[in-house]
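In what follows, a structure is listed as structure tokens, so that the remarks can point back to it.
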Amino acid sequence: QVQLVESGGGLVQAGGSLRLSCAASGRTFKDYRVGWFRQAPGKERDFVAGITWSGYRVFYADSVKGRFTIFRENAKNTLYLQLNRLEPGDTAVYYCAADPRPGDPSSRGSYDYWGQGTQVTVSS
């Protein structure tokens with residue numbers, strides 16, 4: 001098993017930036033493909049970005065392409081999400097997720113392990 005803890009959320013003005021971190025413990029982090037999802041109040045948890053075990057392939061939701069960047073540092077057992085040019089519509093709780101098996105990076109159901117989430121609030 002792997003345990004995931006997100007951090008880095010906060011309140012930021014539109015146009016600003018944040019960097020989210022997801023610290024992993026337990027089994028070897030490099031054995032897991034990982035991703036970020038977000039959930040706004042009253043809405044479903046949606047895919048934001050995903051990255052393969054090696055970090056060579058990344059995937060993004062259309063709504064964040066060109067603004068968000070996902071990357072990982074396996075030596076530090078940490079996943080990151082750099083959020084730039086934030087918009088009020090990005091306000092949500094952001095979750096990191098991990099799974100050791102191959103799967104659709106954009107599918108919630110393909111991840112077995114989840115963190116508790118970190119709140120991102122973007123004011124207009």
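One distance of note links CZ of F68 with CD of Q82; it measures 9.5 Å at 0.5 Å rounding. The line from CZ of R101 to OG of S110 is 8.0 Å long, rounded to the nearest 0.5 Å. The CG atom of L83 sits 5.5 Å away from atom OH of Y94, with the distance rounded to the nearest 0.5 Å. Between T28 atom OG1 and N77 atom CG the span is 8.0 Å, to the nearest 0.5 Å. Note that OH of Y80 is 9.0 Å distant from OG of S7, once rounded to the nearest 0.5 Å. Q119 CD to L11 CG: the interatomic distance, rounded to the nearest 0.5 Å, is 9.5 Å.
Residue R38 comes nearest to S63 through the heavy atom pair NH2-OG, 3.5 Å, listed as atom of the first residue, atom of the second, then distance. The two residues P88 and A14 make their nearest non-hydrogen contact at CD-CB, 4.1 Å. The minimum heavy-atom distance between Y111 and P105, with the atom names listed, is OH-O, 2.7 Å. Between G8 and L18, the closest heavy-atom pair is O-CD2, 3.8 Å.
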Go through N84 and S17 one step at a time and tell me if the side chain to side chain donor-acceptor pair (under 3.5 Å) criterion holds.
CA-CA 4 Å; N84 295 330; S17 297; 2.9 Å; yes

Would you please test V93 and T118 for side-chain contact (heavy atoms from CB on, under 4.5 Å) and show each step?
CA-CA 5 Å; V93 177; T118 186; 6.0 Å; no

Carefully, step by step, assess Y95 and E6 under the rule side chain to side chain donor-acceptor pair (under 3.5 Å).
CA-CA 7 Å; Y95 299 89; E6 302 95 335; over 6 Å; no

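Counting heavy atoms from C-beta outward, V120 and L20 have side chains that approach closer than 4.5 Å. Looking only at side-chain heavy atoms (C-beta outward), V122 and Q13 stay at 4.5 Å or farther from each other. Side chains of V12 and T121 form no contact here, defined as non-hydrogen atoms less than 4.5 Å apart. Looking at N74 and K76, their side chains never come closer than 4.5 Å, going by heavy atoms from C-beta outward. In this structure, the side chains of K30 and S54 stay at 4.5 Å or more apart for every pair of heavy atoms. Residues Y32 and Y113 have side chains in contact (heavy-atom distance under 4.5 Å, counting atoms from C-beta outward). Counting heavy atoms from C-beta on, the side chains of Y60 and I70 come closer than 4.5 Å. You'll find the side chain of Q116 stays beyond 4.5 Å of the side chain of L4, heavy atoms only.
The backbone N or O of A49 sits nowhere less than 3.5 Å from a side-chain atom of W36 that would complete a donor-acceptor pair. Side-chain atoms of R85 do not come within 3.5 Å of backbone N or O of R67 as any donor-acceptor pair. One N or O on the side chain of R108 and one on the backbone of R45 form a donor-acceptor pair closer than 3.5 Å. The main-chain N or O of D112 is found under 3.5 Å from a side-chain atom of D99 such that the two form a donor-acceptor pair. No donor-acceptor pair closer than 3.5 Å links the side chain of S107 to the backbone N or O of D104.
Relative to the six-membered ring of F29, R72 meets both conditions, a distance below 6.0 Å and an angle of at most 45° to the axis.
Taking the six-membered ring for Trp, F37 and W114 have ring centres closer than 6.0 Å.
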